[in-house]
Engineer: 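Sending over a structure as structure tokens; questions will come in a sec.
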Amino acid sequence: MVDAWLDEAARFTLLARLLYLAPPAALLLCAATAWWRWRAVGAPWRAAAAAWPGVAVAAAVVAAVLVASPPAMRMQFDESSLVAVSQGMHEARTASMATGAVPFEGAVVRLENTVDKRPPLFAFLVSVVHDLAGARIANAFVVNALLLGVGCVLWFVAVRARAGLVAGLAAPVLVAAVPIVAVCATSAGFELLATVLLTAVVLAALAAVASGGAPSALALLLGTGGLFVLARYESLPVLLLVLGLVGWRLRRQIVCTRGLVATAVAVAWIAAPVLVLLRYARDPKFYPEAGGRPLLAFEHLAAHVPPFVQQWFAPALTNPLPGVLAIAAGLACAWRLWQRRAGFGDLLVAVPVAAATGATLTWFYGDVRERTALRLFLPAACWTALAPLVVVAGARRAVAAAVLVGAVALAGLRLHAVARGAAFPPLRTAALAAAIEAAAAAVDDGVPEHGHTLWVSTAAQHLIVHGRAALSPASFARRADEVQRLARDGHVRALFVLTTPLDREFAEAYGDPEALVRATGAELLRRVATEAGPISVYRVPRR
């Protein structure tokens, strides 16, 4: 119906606005349900105060991770897109990213925008930091560092409740012993957010079952789930799976109060824009990376599972995935099953994690041989690291202490592998993205026209994220008259063309910058050699 009423541009504008409004609505809903549950639980302050050992360990883990893996954009160009959306939320209050901008009175003015294919919660959290401290790329790293601390506290709480204090202290340390955790926690991606929220949903589900279906506990599960669905594509089916398990367990105990029904309706409203986003994600024009392949397919699963299993259990300390911890987790789970100690709580933990992992393996990009895809397996990596602690439940304190010492030693060795670049070497795409910005800065920042320059490049969106006015070659051709007016009025005083090794791949969608160089007789100013190929900067003469 909406498609019939609105043209494509209007539909995307509406979607961008809804995607911006959904995260604050989800945060308010989660806060309201948390307060409801807080008031329903006896002695809540005493329970919160008891978490201080976990807070202390979390602070130590965050500090160690930041030292071993200084923040950087490692998963280009996904991170640029997320930062771009956060800037759009900060500037225009829409979940849109600028793909074209021009200089006007010395400032960058957005002209062309699109909706990113990723759910909006992480970008919104970064935009809140922009609102408080000013727009900077580094704000994405701040959000992930805080999320790592929150996750560590949640992992401490989850394990302490089942295996005791010492095992709880070992939990965040073991998670830090998986190199991909440190990499994601110091990058600008949304994977850590999705992992932390999955942990929160699982804990809320366990609490709801333990409460016997108390309305406040079920409401908190729904409120947490409202945030979770805005974090990652597969969050919605995973949440529905969790709710199904809880509903089956409590099928004769749930009382549908007005507050619980209202919470469920609110979660459905929050999830609606993500469903629309999923619909657009099937469009190859909206999601060109798929290259025409089906986004989800069993043929992907068949191709991805063998290398996944091989690398998941590879024992080398430089393996960015769990490795030795996966072996320990398998043995621990087998022991628990042999001892017949597994229960519904174990099922409630294992099923959503396995579902999220299975969805990733059926995704066209879920191949562990592609290093940028490793981040998609972060939820399974974290819970795999925690699994060996099931053997500590009921064991003597000396066993738990030995596990804690071993966790500290392993984390130290594997964080050292991260620090020296052995566990996750710099990626070619990240190096290329950094080289593009460095080449632009070397030319533009030293000219008198700085602030009044316009760049033409297939990497226009990446240049805009770094504060430069830029258009794609195709956009520049469409807006030639507009650019000429800006030049006559003194807003555009220098015009640069930047070519990259990506141009041939993106020429069909964004235009060919080499054709513009030939047509204008642009002068070569700088050429930078990179592993992927040369980056060249040309200056177009004024006429």
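Each residue takes its place number in the sequence, starting with 1.
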Engineer: To the nearest 0.5 Å, what is the distance between CD1 on Ile180 and CZ on Arg375?
Structural biologist: 9.0 Å
Engineer: Going by distance alone, is a donor N or O of one side chain under 3.5 Å from an acceptor N or O of the other, for Thr357 and Thr360?
Structural biologist: no
Engineer: Looking at Glu112 and Arg479, is there a salt bridge between them, counting it only when a charged N and a carboxylate O are closer than 4.0 Å?
Structural biologist: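 Result for this pair is yes, salt bridge flagged.
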Engineer: Flag this pair as yes if the NZ/CZ of Arg371 is under 6.0 angstrom from the six-membered ring centre of Phe424 and inside a 45 degree cone about the axis; otherwise no.
Structural biologist: yes
Engineer: Closest heavy-atom contact between Ala200 and Thr224?
Structural biologist: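 Taking every non-hydrogen atom into account, CB-CG2, 3.6 Å.
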Engineer: Can you name the one residue among Val175, Val150, Val153, Leu154 that meets side chain to side chain contact (heavy atoms under 4.5 Å, CB included) with Thr199?
Structural biologist: Leu154
Engineer: Hey, can you tell me if His491 and Phe104 have their rings parallel, tilted or perpendicular (30° and 60° cut-offs)?
Structural biologist: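 Judged by the thresholds at 30° and 60°, the geometry between His491 and Phe104 is parallel.
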Engineer: Can you tell me if Asn139 uses its side chain to pair, donor with acceptor, with the backbone of Gly134 under 3.5 Å?
Structural biologist: yes
Engineer: Using only atom types and a distance under 3.5 Å, with no angle test, would you say the side chain of Ser69 pairs donor to acceptor with the backbone of Leu66?
Structural biologist: no
Engineer: Using the side chain to side chain donor-acceptor pair (under 3.5 Å) rule, take Thr186 and Arg74 through it: C-alpha gap first, then chi angles, then the decisive distance, then the call.
Structural biologist: CA-CA 9 Å; Thr186 54; Arg74 299 183 175 90; 3.0 Å; yes
Engineer: Less than 4.0 angstrom from a charged side-chain N to a carboxylate O is my criterion; do Asp512 and Arg504 meet it?
Structural biologist: no
Engineer: With heavy-atom distances below 4.5 Å as the criterion, would you say the side chains of Pro103 and Val108 are in contact?
Structural biologist: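 In short, these two side chains do not touch, never coming nearer than 4.5 Å.
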Engineer: Should Arg232 and Glu191 count as an ion pair when the cut-off is N to O under 4.0 Å?
Structural biologist: no
Engineer: Sub-3.5 Å donor-acceptor pair from the side chain of Arg468 to the main-chain atoms of Val465, do we have one?
Structural biologist: no
Engineer: Side chains of Thr458 and Thr500, heavy atoms from C-beta outward: is any pair under 4.5 Å?
Structural biologist: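 Yes, their side chains come closer than 4.5 Å.
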Engineer: Salt-bridged, Arg93 to Asp131, with N to O below 4.0 Å?
Structural biologist: yes
Engineer: Rounded at 0.5 Å granularity, tell me how far CG in Asp116 sits from CG in Leu277.
Structural biologist: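 Reported value, rounded in 0.5 Å steps: 7.5 Å.
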Engineer: For the atom pair CG (Leu193) and CG (Leu148), what is the distance rounded to the nearest 0.5 Å?
Structural biologist: 12.5 Å
Engineer: If I compare all heavy atoms of Arg539 with all of Ala494, which pair ends up nearest, and what's the gap?
Structural biologist: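 What the structure gives for the nearest pair is NH2-CB, 3.6 Å.
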Engineer: Taking side chain as C-beta onward, heavy atoms only, is Tyr538 less than 4.5 Å from Val540?
Structural biologist: no
Engineer: List the steps and the verdict of side-chain contact (heavy atoms from CB on, under 4.5 Å) for Val537 and Trp455.
Structural biologist: CA-CA 10 Å; Val537 177; Trp455 289 83; 3.7 Å; yes
Engineer: Are any of the side-chain heavy atoms of Met73 and Ser187 separated by less than 4.5 Å?
Structural biologist: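 Of all side-chain heavy-atom pairs linking Ser187 with Met73, none is under 4.5 Å.
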Engineer: I'd like to know whether Val309 forms a side-chain contact (heavy atoms from CB on, under 4.5 Å) with Val305, so could you lay out the CA-CA distance, the side-chain angles of the two residues, the decisive distance to 0.1 Å, and finally the verdict.
Structural biologist: CA-CA 6 Å; Val309 173; Val305 167; 4.1 Å; yes
Engineer: Atom NE2 of His462 and atom OG of Ser457: how far apart are they, to the nearest 0.5 Å?
Structural biologist: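 Here the rounded value is 9.5 Å.
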Engineer: Do you know the tightest heavy-atom contact between Ala440 and Leu463?
Structural biologist: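 That would be CB-CD2, 4.0 Å.
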Engineer: State, yes or no, whether a side-chain contact exists between Val368 and Trp312 at a heavy-atom distance under 4.5 Å.
Structural biologist: no
Engineer: Could you give me the CA-CA distance, side-chain angles and deciding distance for Ile270 and Leu29, then say whether side-chain contact (heavy atoms from CB on, under 4.5 Å) is met?
Structural biologist: CA-CA 10 Å; Ile270 288 166; Leu29 179 66; 3.9 Å; yes
Engineer: Any heavy-atom pair between the side chains of Leu174 and Leu325 that's under 4.5 Å?
Structural biologist: yes
Engineer: Closer than 3.5 angstrom, by distance alone: can the side chain of Arg488 be matched with the main-chain N or O of Val483 as a donor-acceptor pair?
Structural biologist: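 Side chain of Arg488 to backbone of Val483: no pair is present.
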Engineer: Verify the distance criterion only: is there a donor paired with an acceptor across the side chains of Thr530 and Arg428 at less than 3.5 Å?
Structural biologist: no
Engineer: Taking CD in Glu370 as the centre, count heavy atoms belonging to other residues, nucleotides or ligands within less than 6.0 Å. Is the count above 12?
Structural biologist: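 Enclosed.
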Engineer: Would you say Ser475 and Tyr510 are linked by a side-chain donor-acceptor pair, where the criterion is simply a distance under 3.5 Å?
Structural biologist: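 Side-chain D/A pair, Tyr510 to Ser475: absent.
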Engineer: Short question: side chain of Asn319, backbone of Gln311 - any donor-acceptor pair under 3.5 Å?
Structural biologist: yes
Engineer: How far does CG of Leu198 sit from CG of Leu378, to the nearest 0.5 angstrom?
Structural biologist: 10.0 Å
Engineer: Mind telling me whether His300 and His304 have parallel, tilted or perpendicular rings, with 30° and 60° as the class edges?
Structural biologist: parallel
Engineer: Are Ser536 and Leu498 close enough that some pair of their side-chain heavy atoms sits under 4.5 Å apart?
Structural biologist: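 Ser536 vs Leu498: side chains apart.
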Engineer: Going through the distances and angles, do Phe496 and Val456 end up as a side-chain contact (heavy atoms from CB on, under 4.5 Å)?
Structural biologist: CA-CA 6 Å; Phe496 298 109; Val456 180; over 6 Å; no
Engineer: Minimum heavy-atom separation for Pro501 to Pro534, with atom names?
Structural biologist: CD-O, 3.5 Å
Engineer: Between Ser96 and Arg17, do the side chains contain a donor N or O and an acceptor N or O under 3.5 Å apart?
Structural biologist: no
Engineer: Is there a side-chain contact between Thr453 and Arg493, using heavy atoms and a 4.5 Å cut-off?
Structural biologist: no
Engineer: Check Pro179 against Val418 and note the closest heavy-atom contact, atom names and distance.
Structural biologist: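 Heavy atoms of Pro179 and Val418 come nearest at CB-CG2, 3.5 Å.
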Engineer: Considering non-hydrogen atoms only, spot the tightest contact between Gly226 and Leu230 and give its length.
Structural biologist: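 Taking every non-hydrogen atom into account, O-CG, 3.7 Å.
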Engineer: Can you tell me how far the CG atom of Leu18 sits from the CH2 atom of Trp269, to the nearest 0.5 Å?
Structural biologist: 6.5 Å
